[in-house]
Amino acid sequence: MENANPKILLVDDNPINIRVAAKILRSNNYNISFSQSGPEAIQKAGQIDFDLVLLDIMMPDMDGYEVCKRLKENPETMKVPIIFLTAKTESENVVRAFELGGADYVTKPFNGKELLSRVETHIRLKRSREALEDTNLKLIESNETKDKMFSIISHDLLGPVGNIKESLEMIANNEVEMDDESMQDFIRATWYSVGNAYALLENLLYWARNQQGRMVYNPKKLLLNKVIFETYGLLAGVAKNKNIELRTNLIREFEAYADKNAIKTILRNLISNALKFTNPGGKITSGVRDTDEKFLSVFVKDNGIGMDQDKAVSLFDSKQKNEPGWGTKGEKGVGLGLVICKEFVEKHGGKIWVDSQPGLGSTFNFTIPKYSN
């Protein structure tokens with residue numbers, strides 16, 4: 001066999017039949033469990049992930065047909081192949097076995113080579129089917145990732161880049177005249193648009209790498225205070241432009257065990273998000289709480305426009321078709337940043353959530369480990 005020790009459930013009320021079949025199968029490295037009644041077989045099949053069931057037809061209380069029917073009705077056991085064991089070769093018994101979902105049958109007394117051949121064939125078929133289903137699932141996920149990327153590139157990235165290109169082209173061709181004040185306003189607006197496009201592109205690349213399993217994850221000891229202040233430094237211009245105050249509640253140094261680039265990406269996305277949805281003159285507070293022995297809790301709190309509970313629940317789901325949100329000065333939010341935050345937090349073994357109320361603001365929270373596991 002290609003995989004060692006496949007698990008087989010042998011169901012027969014006759015202990016002699018069990019001993020004979022078990023001896024044949026164990027000599028070929030099969031891991032055998034057995035049951036002498038239908039109810040016991042159903043119970044065991046629900047507890048153990050078997051590769052195959054060898055099922056006697058004629059048993060007291062509950063025959064093999066009923067056992068097969070119940071196993072096929074259960075989503076957890078419906079895909080396990082069932083080979084019926086029967087001393088009868090009448091065609092109606094075989095037909096009924098197949099109608100109920102049986103994969104094959106073996107007659108008693110056993111022919112060792114026949115039994116092994118049929119068992120091996122159906123286990124290989126099961127594993128081939130599982131491999132095919134896994135490949136198909138990965139292809140579906142890959143297509144969803146590709147579609148998401150193309151959607152973001154075409155709608156959310158191409159638009160602002162195109163606007164910047166057209167504006168610069170007009171100035172380069174002397175199609176508009178600007179005084180110094182107008183030129184400064186234009187430069188600030190262009191800088192802001194470029195910054196948004198760059199942040200979106202960076203998020204897109206991070207997310208694509210993570211979907212493909214190519215994201216580098218290198219956790220080390222790091223000072224969260226320093227990472228928060230560094231992120232504030234990056235976004236100070238945006239905050240100043242909207243007259244938003246950036247605060248912290250850091251009363252001491254907090255040390256975590258995490259990937260610095262991932263934590264910086266999480267904080268940049270959460271603070272950028274808070275800046276978008278906070279009105280001019282508002283405030284944003286970031287901080288850390290020592291929640292338990294293993295994890296620290298980091299939060300980003302704003303007094304912005306907030307949201308209802310239904311919106312809050314769907315924020316971190318990449319499969320949700322959320323309408324893009326618009327910031328308090330027309331900034332567009334596509335939601336990809338929050339999906340990345342969730343994936344990065346979970347990579348650290350943490351959790352992320354939001355507490356929010358319309359008109360009162362939002363608090364985004366996430367946990368990260370203090371120490372290496």
Asker: Looking only at non-hydrogen atoms, find the nearest pair between Glu73 and Pro75 and report the distance.
Answerer: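 Smallest interatomic distance, heavy atoms only, reads O-CD, 3.5 Å.
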Asker: Just by modelled atom types, is the Ile57 backbone N or O under 3.5 Å from a matching donor or acceptor in the Thr86 side chain?
Answerer: no
Asker: Does NZ or CZ of Arg252 lie under 6.0 Å from the centre of the six-membered ring of Phe254, at an angle within 45° of the ring axis?
Answerer: yes
Asker: Quick one: does Asp51's side chain have a donor or acceptor within less than 3.5 Å of a partner on Lys7's backbone?
Answerer: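 Yes, because the side chain of Asp51 sits within donor-acceptor range (under 3.5 Å) of the backbone of Lys7.
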Asker: Apply the test side chain to side chain contact (heavy atoms under 4.5 Å, CB included) to residues Leu338 and Ile352: give CA-CA distance (whole Å), side-chain angles for both, the deciding distance (0.1 Å), then the verdict.
Answerer: CA-CA 10 Å; Leu338 295 178; Ile352 187 168; 5.9 Å; no
Asker: Please answer whether the main-chain N or O of Gly361 pairs with a side-chain N or O of Lys301 as donor and acceptor at a distance below 3.5 Å.
Answerer: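 No.
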Asker: Applying the 4.5 Å side-chain criterion to the ILVMFWY set and letting contacts propagate, would Met58 and Ile82 be lumped into a single cluster?
Answerer: yes
Asker: Are Val20 and Leu52 grouped together when hydrophobic residues (ILVMFWY) are joined by side-chain heavy atoms under 4.5 angstrom apart?
Answerer: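 Per the 4.5 Å side-chain linkage, Val20 and Leu52 are co-clustered.
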Asker: Look at the side chain of Asp13 and the backbone N and O of Ser37, then say whether any donor-acceptor pair between them is shorter than 3.5 Å.
Answerer: no
Asker: Taking the side chain as everything from C-beta on, heavy atoms only, tell me whether Gln36 gets closer than 4.5 Å to Ile18.
Answerer: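 A side-chain contact under 4.5 Å exists here.
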Asker: Give me the atom names and distance for the closest heavy-atom approach of Ile263 to Leu224.
Answerer: CG2-CD2, 4.1 Å
Asker: Could you tell me the separation between the OG atom of Ser362 and the CD1 atom of Ile284, rounded to the nearest 0.5 Å?
Answerer: 10.5 Å
Asker: Step by step, would you call Ile368 with Val345 a side chain to side chain contact (heavy atoms under 4.5 Å, CB included)?
Answerer: CA-CA 7 Å; Ile368 51 175; Val345 169; 5.5 Å; no
Asker: Might you confirm whether atom CD of Glu245 has over 12 heavy atoms from other residues, nucleotides or ligands at distances under 6.0 Å?
Answerer: yes
Asker: Roughly how far apart are Gln309 CD and Gln357 CD, rounded to 0.5 Å?
Answerer: 10.0 Å
Asker: What is the distance from atom NZ of Lys351 to atom OG1 of Thr367, rounded to the nearest 0.5 Å?
Answerer: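 Nearest 0.5 Å value for the NZ-OG1 distance: 7.5 Å.
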Asker: Surrounding CG of Asp180 (heavy atoms of other residues, nucleotides or ligands, distance under 6.0 Å), is the total greater than 12?
Answerer: no
Asker: Does the side chain of Phe84 come within less than 4.5 Å of Phe98's, by heavy atoms?
Answerer: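 Heavy-atom side-chain distance check fails, nothing below 4.5 Å.
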Asker: Do Leu85 and Asn17 have side chains that approach each other closer than 4.5 Å (heavy atoms only, starting at C-beta)?
Answerer: no
Asker: Is there a side-chain contact between Pro39 and Asp61, using heavy atoms and a 4.5 Å cut-off?
Answerer: no
Asker: Which heavy atom in Pro81 sits nearest to a heavy atom in Lys126, and how many Å separate them?
Answerer: CD-CD, 3.4 Å
Asker: Would you call Glu343-Lys347 a salt bridge at under 4.0 Å N-O?
Answerer: no
Asker: Measure across Pro369 and His348 and return the closest heavy-atom pair with its distance rounded to 0.1 Å.
Answerer: CD-O, 3.5 Å
Asker: When rounded to the nearest 0.5 angstrom, what is the spacing between NZ in Lys276 and CG in Asp302?
Answerer: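 Here the rounded value is 13.0 Å.
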Asker: Would you sort out whether Val106 and Asp104 count as a side chain to side chain contact (heavy atoms under 4.5 Å, CB included), showing the intermediate values?
Answerer: CA-CA 7 Å; Val106 176; Asp104 209 338; 5.9 Å; no
Asker: How about Met59 and Val11: do any of their side-chain heavy atoms sit closer than 4.5 Å?
Answerer: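 Of all side-chain heavy-atom pairs linking Val11 with Met59, at least one is under 4.5 Å.
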Asker: Test your reading of the model: is there a side-chain donor-acceptor pair from Lys44 to the backbone of Phe34, 3.5 Å cut-off?
Answerer: yes
Asker: For the atom pair CG (Leu296) and OH (Tyr257), what is the distance rounded to the nearest 0.5 Å?
Answerer: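 Reported to 0.5 Å precision, the distance equals 14.5 Å.
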Asker: Can any side-chain N or O of Lys370 pair as donor or acceptor with the backbone N or O of Lys294 at less than 3.5 Å?
Answerer: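 Judged by distance alone, no pair lies under 3.5 Å.
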Asker: Roughly how far apart are Glu66 CD and Leu71 CG, rounded to 0.5 Å?
Answerer: 10.0 Å
Asker: Given the rule that I, L, V, M, F, W and Y join up when any side-chain heavy atoms are under 4.5 Å apart, are Leu55 and Ile42 in one cluster?
Answerer: yes
Asker: Describe, in one word, how the ring planes of Phe316 and Phe364 are oriented to each other, choosing from parallel (under 30°), tilted (30 to 60°) and perpendicular (over 60°).
Answerer: perpendicular
Asker: Is it true that a side-chain atom of Lys311 and a backbone atom of Gly306 form a donor plus acceptor pair closer than 3.5 Å?
Answerer: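 No; judged by distance alone, with no hydrogens or angles, the pair does not exist.
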Asker: Is any side-chain heavy atom of Lys342 closer than 4.5 Å to one of Leu315?
Answerer: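 They are not in side-chain contact.
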Asker: Is there a side-chain contact between Ile48 and Leu9 in this structure, where contact means two heavy atoms from C-beta onward sitting under 4.5 Å apart?
Answerer: no
Asker: With the 4.5 Å side-chain cut-off for hydrophobic clustering, are Phe295 and Leu267 part of the same group?
Answerer: no
Asker: What closest approach, in Å, do Ile266 and Phe366 show between heavy atoms, and which atom pair accounts for it?
Answerer: CG2-CE2, 3.6 Å
Asker: Is a side-chain donor or acceptor of Tyr232 paired with a backbone partner of Arg247 at a separation under 3.5 angstrom?
Answerer: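 Yes.
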Asker: With the 4.5 Å side-chain cut-off for hydrophobic clustering, are Val119 and Ile32 part of the same group?
Answerer: yes
Asker: For atom CD of Glu76, is the number of surrounding heavy atoms from other residues, nucleotides or ligands below 6.0 Å larger than 12?
Answerer: no
Asker: For Gln47, look at atom CD and say whether over 12 heavy atoms of other residues, nucleotides or ligands are found less than 6.0 Å away.
Answerer: yes
Asker: Considering all heavy atoms of both residues, which atom of Asn29 and which atom of Asn5 are nearest to each other, and what is their separation?
Answerer: O-OD1, 2.9 Å
Asker: For residues Asn249 and Phe299, determine if any side-chain heavy atom of one lies less than 4.5 Å from a side-chain heavy atom of the other.
Answerer: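 Yes, their side chains come closer than 4.5 Å.
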Asker: Would a distance-only check, ignoring hydrogens and angles, find a side-chain to backbone donor-acceptor pair under 3.5 Å from Asn269 to Thr265?
Answerer: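 Confirmed, Asn269 side chain pairs with Thr265 backbone.
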Asker: Does the pair Leu116 and Tyr30 meet the rule for a side chain to side chain contact (heavy atoms under 4.5 Å, CB included), with working shown?
Answerer: CA-CA 10 Å; Leu116 289 171; Tyr30 289 102; 4.1 Å; yes
Asker: Can a donor-acceptor pair be found, under 3.5 Å and without considering hydrogens, that links the side chain of Lys242 to the backbone of Thr278?
Answerer: yes
Asker: Answer yes or no: does atom CG of Leu139 have more than 12 heavy-atom neighbours from other residues, nucleotides or ligands under 6.0 Å?
Answerer: yes
